[in-house]
Amino acid sequence: MSVRLPALLALLLLALPATAAAEPLPERWHHAGFELERRASAPVHYARIFHVYDAALYGPAALPARALADASATACLVIEYRMEVSSERLREAAETVLRRQQADLAPLANRIDRLHAAYRDVAEGDRFALCHAPGLGTTLLLNGQELVTVEGDDFARAYFGIWLGEEPIAPPLREAVLDGEDRLGRA
């Protein structure tokens, strides 16, 4: 009995787990009474193979994307995960980059600990949003639910630096921000 290749491929495709198509990251994001526009975005891969997440930076339309890294304007970094990631891995990755970027973490240590304690395991399709409003603090949200707010523009500069600073965790995202590129395309 011969099995035809197209029929075999069809059966294999049916056997794959179905995943819900995620809604694209929106063109606008609201935070602290501000309507922010998507200023830059990029997919982020691990080892150039695994699509870990898509990220978008939102800020006021009048500011260039690169101006959002200094915590002087309201901004949100939204990350939509394409695979499961444990809260422990999220903390480890953030701490590794912060130690590499910051000469002295002591003034930020308690605030970093507060934010890291709020991390949750994420599944495919979950969205973390890290939003900062000058004078109001930096808020971490998971799927729209506020988890924690941490005070200080200095904290925002350091923590957003994980993605936007020198030697970031995701160079393609930083490049997109510096170039003002929307590499995910418009929603």
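Here the structure is a predicted model, which means the values were calculated and not measured.
Of all heavy-atom pairs between Pro43 and Arg183, the closest is CD-CB, 4.3 Å. Minimum interatomic distance between Val148 and Ala118 (heavy atoms only, all atoms of both residues): CG1-CB, 3.6 Å. Here the shortest heavy-atom pairing between Ala71 and Arg157 reads CB-CG, 3.6 Å. Pairing each heavy atom of Ala176 with each of Ala42, the nearest pair is CB-CB, 4.2 Å.
To the nearest 0.5 angstrom, Leu147 atom CG is 5.5 Å from Leu142 atom CG. The distance from the OH atom of Tyr81 to the CG atom of Leu90 is 4.5 Å, given to the nearest 0.5 Å. Arg66 CZ to Leu164 CG: the interatomic distance, rounded to the nearest 0.5 Å, is 11.5 Å. Going from atom CD of Glu124 over to atom CD of Glu80 covers 9.0 Å, rounded to the nearest 0.5 Å. Separating the CD1 atom in Ile169 from the OG1 atom in Thr96 is a distance of 8.0 Å, to the nearest 0.5 Å. From Ser86, atom OG reaches atom CZ of Arg120 across 13.0 Å, with rounding to the nearest 0.5 Å.
Cluster membership check: Phe128 does not share its hydrophobic cluster with Val78, using side-chain heavy-atom separations under 4.5 Å among Ile, Leu, Val, Met, Phe, Trp and Tyr. In this structure, Leu63 is not a member of the same hydrophobic cluster as Leu178, with clusters built from ILVMFWY side-chain heavy atoms closer than 4.5 Å. Tracing side-chain contacts under 4.5 Å through hydrophobic residues (I, L, V, M, F, W, Y), one never reaches Leu136 starting from Leu130; they form parts of separate clusters. In the hydrophobic cluster analysis, where Ile, Leu, Val, Met, Phe, Trp and Tyr join through side-chain heavy atoms closer than 4.5 angstrom, Leu57 is grouped together with Phe155. Hydrophobic clustering of Ile, Leu, Val, Met, Phe, Trp and Tyr side chains at less than 4.5 Å, counting indirect connections, keeps Leu173 apart from Leu184.
Looking at Pro60 and Leu68, their side chains come closer than 4.5 Å, going by heavy atoms from C-beta outward. Contact annotation: the side chain of Asp54 approaches that of Arg82 to within less than 4.5 Å [non-hydrogen atoms, C-beta and beyond]. Contact check for Tyr53 versus Val85: no side-chain heavy atoms found under the 4.5 Å cut-off. In this structure, Thr74 and Pro134 have side chains that are in contact, with non-hydrogen atoms separated by less than 4.5 Å.
Within the 3.5 Å criterion, the main-chain N or O of His116 finds a donor-acceptor partner in the side chain of Arg91. In this structure, Arg174 contributes its side chain and Gly165 its backbone to a donor-acceptor pair below 3.5 Å. Side-chain atoms of Arg114 come within 3.5 Å of backbone atoms of Thr149 as a donor-acceptor pair (strictly under, hydrogens ignored). Counting only distance, with no hydrogens or angles, the side chain of Arg127 and the backbone of Asn143 share no donor-acceptor pair below 3.5 Å.
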Going through the checks in order, is the side-chain contact (heavy atoms from CB on, under 4.5 Å) test met by Glu35 and His30? CA-CA 5 Å; Glu35 181 175 89; His30 298 273; 3.1 Å; yes
Full working for side-chain contact (heavy atoms from CB on, under 4.5 Å) between Trp163 and Leu77: CA-CA 9 Å; Trp163 295 271; Leu77 178 67; 3.3 Å; yes
With salt bridge (charged side-chain N to carboxylate O under 4.0 Å, His left out) as the test, would you mind laying out the steps for Arg111 and Asp154 before giving the verdict? CA-CA 11 Å; Arg111 292 177 284 169; Asp154 60 334; 2.8 Å; yes
Pair Ile79-Val122, side-chain contact (heavy atoms from CB on, under 4.5 Å): steps then yes or no: CA-CA 11 Å; Ile79 298 173; Val122 292; over 6 Å; no
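A search for side-chain contact (heavy atoms from CB on, under 4.5 Å) contacts involving Ala56 returns Leu25, Arg38, Ser41, Tyr58, not counting sequence neighbours. With sequence neighbours excluded, no residue forms a side chain to side chain donor-acceptor pair (under 3.5 Å) with His31.
Taking a 6.0 Å sphere around CZ of Arg89, one finds it holds 12 or fewer heavy atoms contributed by other residues, nucleotides or ligands.
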Contacts under 3.5 angstrom, residues 101-108 side chains, donor-acceptor by atom type, not counting sequence neighbours:
from, atom 1, to, atom 2, distance (Å)
Gln101, NE2, Gly161, O, 2.7
Gln101, NE2, Glu166, O, 2.7
Asp104, OD1, Ala106, N, 3.1

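Between His132 and Phe160, the ring planes are perpendicular. Angles over 60° get that label, and only those under 30° would be called parallel.
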